[in-house]
Participant: 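What follows is a structure written as structure tokens; I'll ask about it next.
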Amino acid sequence: MTLTFIGHGYVGLVTACILADFGNNVWVIGHTQEKIDRLKKGDPIIFEPGLTELLHKNLKANRIRFTLDYDQAIPQSQIVFIAVGTPSTNGGDADLSAVFKVAKRIAKHLGTEFTTISCKSTVPVGTNKKIESILQAEKGRNTSVAVASCPEFLREGSAIYDTLNPDRIVIGCDSKKAADLLLELHRPINGKRVVTDLASAELIKYTANAMLATKISFANLISFFCEKTGADVENVLDAVGLDKRIGRIFMDPGVGYGGSCLPKDVRALTRMGFNLNINTDFLENINDINISAQKYFIQKILNNAKSKKVTIWGLTFKPNTDDVREAPSLFIISALLKNKYKISVYDPVGISNVKQEFGDRIKYFEDPYGALQDSSALIILTEWNEFRQVDLGKIKKTMRHPLIIDGRNIYNPDLMKKLGFKYYSVGRKPIK
Ligand code: UGA
């Protein structure tokens with residue numbers, strides 16, 4: 001098949017590369033010449049494990065092409081995927097301006113054959129109907145077109161694995177012809193198929209992300225109980241998670257969920273509920289607990305660091321990505337800067353994105369131990385694997401005061417005690 005992707009972010013580029021790898025002829029449309037030139041040269045722009053290799057392989061085989069020109073790609077495509085961002089507006093709604101803008105442009109360039117427009121962007125219920133109206137209003141007379149909502153469930157950091165091994169493939173569509181085409185396109189991939197209507201597909205995506213956020217906020221709420229009562233959150237959640245009805249997966253307490261999806265999607269679902277006159281206190285509480293998790297953690301730093309010189313390891317919103325959108329690190333660094341802290345940071349891949357945010361207001365290091373010189377607290381905000389078995393003896397020797405404040409519970413409190421560290425983690429007794 002010939003396919004076009006509009007957008008080359010974590011969803012668009014990964015899915016485009018995988019579908020090219022299956023033998024499809026794939027176009028990717030961007031909107032800045034500089035990025036298109038980099039992509040043509042094999043630079044994926046974002047960091048996602050395995051993506052560079054996959055991109056190089058398919059560029060070499062001429063199965064993936066990058067362009068700014070809609071006319072080069074759209075008329076010959078059977079399926080056009082919309083994979084542009086839908087960030088939060090100031091009021092918390094999903095900003096749909098990019099989606100509607102590209103829908104208009106697609107309409108103007110449709111060829112004479114039947115085309116399926118498949119929306120992968122996360123959009124509120126009713127958006128795909130609006131896309132349909134835009135296409136009908138703007139397209140040429142001899143063109144037939146159908147709209148499908150194909151929400152994406154991949155996680156950053158494991159995007160290639162997730163796309164190849166999905167739990168489900170959701171296709172929301174009123175046209176049997178378009179649904180069959182999408183089923184055929186996904187034939188090489190396992191996973192349950194859910195073919196449904198547009199509204200249900202749109203709501204499935206928000207429901208999934210809101211449920212995931214609920215699990216994390218619940219774990220964080222229980223961690224607050226543990227800290228006040230002396231219980232151990234890991235023991236509590238491990239035992240509770242043994243109940244198969246509940247499960248333990250995706251219930252790790254920490255510094256709150258971040259990223260470009262869960263925070264904005266909980267807010268957008270809240271706004272959708274408000275517009276539908278539905279009580280959304282529950283969703284607002286999920287968001288409030290997330291903010292509390294970050295604030296509690298900041299308080300631990302303010303209460304326990306002996307000087308205002310501290311070190312942060314881990315800046316990205318999760319490991320194996322360079323993405324810092326709504327990363328807890330940004331919130332925590334801003335709060336520490338307000339309190340006049342001097343901050344040294346280390347992250348394996350996230351430094352350049354954080355630099356755009358804070359410039360020279362903090363100090364950046366390429367070596368984790370270098371960042372610890374004279375420091376009174378090592379603060380862990382992302383559970384990168386390389387932090388799990390570091391040389392704790394070297395850390396202790398390098399720091400001014402041996403204090404670790406661990407936002408991801410990656411170290412064993414007993415070991416910390418044995419090695420002579422002060423150690424604060426989440427929902428577990430501090431080692432003083
Ligand atoms: C999330 C969903 O997991 C994907 O299924 C979905 O496709 C994606 O959003 C999207 O809508 O595009 P992602 O944001 O990449 O994926 O990352 P997650 O693995 O969900 O992690 C989100 C945040 O939750 C991270 O900050 C992570 O540290 C935090 N988290 C996760 C916890 O604090 N505790 C946990 O137990 C799990």
Side-chain angles (χ1 to χ4, degrees), residues 7 9-15 46-49 83-88 94 119-124 150-163 165-170 191 202 204-223 233-234 237-238 240-241 246-269 286-287 289-294 296-297 314-332 350 380-384 406-410 425-427:
Y10 296 87
V11 170
L13 187 58
V14 170
T15 319
I46 49 170
F47 173 83
E48 182 61 42
V84 296
T86 52
S88 281
C119 183
K120 280 210 161 284
S121 304
T122 302
V123 293
C150 292
E152 183 52 63
F153 302 101
L154 66 78
R155 293 161 297 176
E156 288 180 27
S158 54
I160 294 178
Y161 177 86
D162 289 351
T163 307
N165 304 278
D167 293 323
R168 73 301 216 187
I169 291 165
V170 175
E202 290 165 330
I204 285 167
K205 172 68 190 194
Y206 280 104
T207 307
N209 275 1
M211 187 66 219
L212 292 171
T214 303
K215 290 186 90 174
I216 300 167
S217 277
F218 188 74
N220 281 324
L221 178 67
I222 297 304
S223 82
V233 77
E234 301 293 344
L237 292 175
D238 284 350
V240 170
I246 299 171
R248 178 67 173 88
I249 294 174
F250 225 81
M251 285 222 292
D252 291 326
V255 280
Y257 58 78
S260 67
C261 304
L262 302 192
K264 85 160 167 68
D265 291 349
V266 170
R267 287 194 295 263
L269 188 61
I286 294 169
N287 185 53
I289 294 168
N290 201 48
I291 295 168
S292 296
Q294 298 178 347
Y296 269 41
F297 192 78
L315 301 169
T316 53
F317 83 98
K318 64 184 283 191
N320 299 321
T321 181
D322 58 346
D323 198 343
V324 299
R325 285 175 288 175
E326 297 212 31
S329 67
L330 304 186
F331 189 79
I332 292 165
I380 312 258
L381 296 184
T382 316
E383 68 280 30
W384 285 94
D406 177 0
R408 300 290 183 171
N409 289 358
I410 60 173
S425 52
V426 177

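Each ligand, and each atom within it, is numbered from 1 in the order the structure gives.
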Participant: Output the list of atoms in ligand 1 that are nearer than 4.0 Å to some heavy atom of Glu156, sorted by atom number.
Facilitator: 15 (O)
Participant: At a 4.0 Å threshold, what atoms of ligand 1 neighbour a non-hydrogen atom of Glu152?
Facilitator: 7 (O)
Participant: How far is atom 8 (C) of ligand 1 from its nearest protein heavy atom, and which residue and atom name does that atom have?
Facilitator: Leu154 O, 3.4 Å
Participant: Considering only heavy atoms, does Arg408 approach ligand 1 within less than 4.0 Å through its side chain, its backbone, both, or neither?
Facilitator: side chain
Participant: Can we say Arg325 and Glu156 salt-bridge, meaning some charged N sits less than 4.0 Å from an Asp/Glu carboxylate O?
Facilitator: yes
Participant: Considering only the protein, which heavy-atom contact is closest to atom 14 (O) of ligand 1, and what is its distance?
Facilitator: Phe317 CE1, 3.6 Å
Participant: Atom 30 (N) of ligand 1: which protein heavy atom is closest, and how many Å away?
Facilitator: Ile216 CD1, 3.4 Å
Participant: Return the CG to OH distance between Asn290 and Tyr257, rounded to the nearest 0.5 Å.
Facilitator: 4.5 Å
Participant: With the threshold set at under 4.0 angstrom, would you say Thr122 reaches ligand 1 through any of its heavy atoms?
Facilitator: no
Participant: If we set the cut-off at 4.0 Å for heavy atoms, which region of Asp252 has an atom near ligand 1: side chain, backbone, both, or neither?
Facilitator: both
Participant: Do any N or O atoms from the side chain of Ser329 and from the backbone of Leu315 form a donor-acceptor pair under 3.5 angstrom?
Facilitator: yes
Participant: Considering only the protein, which heavy-atom contact is closest to atom 17 (O) of ligand 1, and what is its distance?
Facilitator: Lys318 NZ, 3.3 Å
Participant: Can you tell me if Lys215 uses its side chain to pair, donor with acceptor, with the backbone of Ile249 under 3.5 Å?
Facilitator: yes
Participant: Are Val240 and Ile222 close enough, and set up right, to give a side-chain contact (heavy atoms from CB on, under 4.5 Å), and what steps lead you there?
Facilitator: CA-CA 11 Å; Val240 170; Ile222 297 304; over 6 Å; no
Participant: Counting C-beta onward and ignoring hydrogens, is there a side-chain heavy-atom pair between Phe317 and Val324 closer than 4.5 Å?
Facilitator: no
Participant: For Phe153, run the side chain to side chain contact (heavy atoms under 4.5 Å, CB included) check against Ile204, Val11, Asp162, Leu212 and tell me which one passes.
Facilitator: Ile204
Participant: Taking a cutoff of less than 4.0 Å between a non-hydrogen atom of the residue and any ligand atom, is Lys215 in contact with ligand 1?
Facilitator: no
Participant: With a cutoff of 4.0 Å, is Cys261 in contact with ligand 1, counting heavy atoms of the residue only?
Facilitator: yes
Participant: Give a yes or no on whether the backbone of Ser121 and the side-chain of Glu152 come within a donor-acceptor separation of less than 3.5 Å.
Facilitator: no
Participant: Please classify the Leu262 to ligand 1 contact at 4.0 Å (heavy-atom distances, strictly less than): side chain, backbone, both or neither.
Facilitator: side chain
Participant: Short question: side chain of Glu48, backbone of Tyr10 - any donor-acceptor pair under 3.5 Å?
Facilitator: no
Participant: Does Ser425 reach the main-chain N or O of Asp406 with its side chain, forming a donor-acceptor pair under 3.5 Å?
Facilitator: no
Participant: Would you mind checking which non-hydrogen protein atom is closest to atom 5 (O) of ligand 1, with the distance to 0.1 Å?
Facilitator: Phe153 O, 2.8 Å
Participant: Decide yes or no on side-chain contact (heavy atoms from CB on, under 4.5 Å) for Ile46 and Asp323, but give the supporting numbers first.
Facilitator: CA-CA 8 Å; Ile46 49 170; Asp323 198 343; over 6 Å; no
Participant: For ligand 1, which part of Asn209 has a heavy atom less than 4.0 Å away: the side chain, the backbone, both, or neither?
Facilitator: side chain
Participant: Can you name the atoms of ligand 1, numbered from 1 with element, that are less than 4.0 Å from a heavy atom of Met251?
Facilitator: 36 (O)
Participant: Would you find a donor on one side and an acceptor on the other, under 3.5 Å apart, between the side chain of Thr316 and the backbone of Lys318?
Facilitator: yes
Participant: So if I count the atoms of ligand 1 from 1 in the order they appear, which ones are less than 4.0 Å from some heavy atom of Leu212?
Facilitator: 2 (C), 3 (O)
Participant: What protein heavy atom is closest to atom 20 (O) of ligand 1, reported as residue, atom name and distance in Å?
Facilitator: Phe250 CZ, 3.2 Å
Participant: For atom 11 (O) of ligand 1, what is the nearest protein heavy atom, given as residue, atom name and distance?
Facilitator: Lys205 NZ, 2.6 Å
Participant: Does some non-hydrogen atom of Gly254 fall short of 4.0 Å from ligand 1?
Facilitator: no
